[in-house]
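Accompanying notes for the structure given below.
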Amino acid sequence: MPELPEVEVVRRGLVSWLRGRTITSVDVLDPRSLRRHALGVEDFIGNLEGTTVADVVRRGKFLWMPLREGLSSSPAGSTPGGTAPAVALMAHLGMSGQLLMQDPSVPDEKHLKVRLRLSQSEGMPDQLRFVDQRIFGGLFVTAMIPTDDGGPGGLAESPLPLIAEEAAHIARDPLDPAFSFDLFYARLRKRRTGLKRALLDQGLVSGIGNIYADEALWRACLHYARPTDKLRRADAERVLASAREVMLDALAAGGTSFDSLYVNVNGASGYFDRSLNAYGREGQPCHRCAAVGITSLIRREQFMNRSSYTCPVCQPRPRNGRW
DNA sequence: CATTCGTCCTGATAGC
DNA sequence: TGCTATCAGGACGAAT
C-alpha cells in the first residue's frame, strides 16, 4: 500500500522518463478513476493533450506533474525561463494504484484505467499507464497556485514557487528538509485525540499511513491511544524520528509491498515487508521483547475500520487513552 | 471550529 | 461447488 516511501520511489522512477515529454493522446478506460476531476472525462483529456510534462513533484502521498502548454522547447527537459505551469496532472495511488511506463507492445493490464501516449523519445517507453484495482486512487487536473512556504518540498524540491492547489492543505512529511518539528508539536498538543489518529492526519504530518504509523509507534514504544494534548516533547520527537527511520529504510529498500497489488514504476515489487516489526504480525513474538528474553505476542485491535498492531509489553495502553 | 464517522471499491479468502 | 460475509484502507465530505 503506497505510503510516502512508495510514492517517492514511483516519483524517482518517473521523473527521468517523463520530464520534457509531450502528451499526445489520452485513453480513459474507466471514468471512475477520474472521480476527483469534477469537469468530466472530455475536460480532463482536453487539459492534457498537447501539453508537456515539466517535472514530477510530490507532497506527502500526492504526486503531480506540472504541465506546460505546447511542445517542449528544449528536448532535455524543463526550461527555467519558460512560462510557469498553470495546471498539473495530479495522481494519488490510493490503495492499489500504479503508474507504469510501458511500451505499446505490452498488453493492457487487467485493471488499466487511464493511458497517456507520449511523444516518442529514443530508448524510452511511449506510454504512462495508470492501473488501479480498488479505485481508491485516481487522476485529475489541478491548478498550480503560489505558495509562501517554499514549494512542494520533500525529496523532490521543485524550483517552482508553486504548489498544486489540491495538495496545498497537505503538511510536509518527516523526510522533508523543511519539516518543522516545532510547528508539528505545537499543533499536536492543541489536538484532543489519540496519537495514531494524529499521525494519520495528512494535514498535520504527511506521508504516514497505517503501516508506518504502527511501525513508528512500535519503535518509539508508544501506544496509539496516547492523548496528543499531553504528549511529552521527547515522546513526540521519538515517534517522529522513528517514522523517519522506518521510511528511510523503506526508501532504501525500494518501498514496501505485501499484498502484491503494489509494484514500483518498473513493475517490480518491494521487499521491505520482511523487516516489519509490528504491522501484520498478530500472534508473533515482539522482536524487542524477545531480545531481552521476554515472550510477548503482537496483538491486533480494530481501530475504526482498520487494524492496529502493538506489543502489549513495550507499548502499554494509557489509562486515559483516546482513539 | 475541531473531531469523528460513513463512503467509495475489488478480489482474495474463510466459512457454511 | 457455489454462495455470502469479511477484510484491506486513503481521503473527503457530512454529521456531531
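In what follows, every chain begins at residue 1, and chains take the letters A, B, ... in the order their sequences are listed.
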Expected string for nucleotides 8-13 of chain B under the B/S/- scheme (protein heavy atoms, under 4.0 Å, primed atoms plus P, OP1, OP2 as sugar-phosphate) is BBBS--

Between B:dA2 atom P and A:Leu188 atom CG, what is the distance in whole Å?
14 Å

Atom CE of A:Met90 and atom P of C:dC12 are separated, to the nearest Å, by 10 Å

Electrostatic pair A:Lys61-A:Asp173, nearest N-O below 4.0 angstrom
no

My understanding is that only one of A:Cys314, A:Cys289, A:Pro285 makes a side-chain contact (heavy atoms from CB on, under 4.5 Å) with A:Ile294; could you say which?
A:Cys289

Using a strict cut-off of less than 4.0 Å between a Lys/Arg side-chain nitrogen and an Asp/Glu carboxylate oxygen, indicate whether A:Arg187 and A:Asp201 qualify as a salt bridge.
no

Between atom CZ in A:Arg197 and atom C1' in C:dA11, what is the gap in whole Å?
14 Å

Is it true that a side-chain atom of A:Arg281 and a backbone atom of A:Asn277 form a donor plus acceptor pair closer than 3.5 Å?
yes

Starting at atom CG of A:Leu93, determine the distance to atom C1' of C:dA8, rounded to an integer number of angstrom.
16 Å

Between A:Arg117 and A:Asp126, is there a side-chain N and carboxylate O pair less than 4.0 Å apart?
no

Do A:Val239 and A:Leu248 sit in one hydrophobic cluster, given that two such residues count as connected whenever their side-chain heavy atoms are within less than 4.5 Å of each other, even indirectly?
yes

For DNA chain B, whose closest nucleotide is more 5', that of A:Arg306 or that of A:Arg191?
A:Arg191

Please list, for nucleotides 14-16 of chain C, all pairs of protein and nucleotide N/O atoms separated by less than 3.5 Å.
none

Would you call A:Arg219 and A:Glu215 a salt bridge, using N to O less than 4.0 angstrom?
no

Check the distance between C:dC12's P and A:Phe140's CZ and give it to me in whole angstrom.
8 Å

Please report the distance, rounded to the nearest Å, between CZ in A:Arg187 and P in B:dC1.
14 Å

Rounded to whole angstrom units, what separation is found between the NZ atom of A:Lys190 and the C1' atom of B:dC1?
13 Å

Separation of C:dG13 P from A:His169 NE2 (nearest whole Å):
9 Å

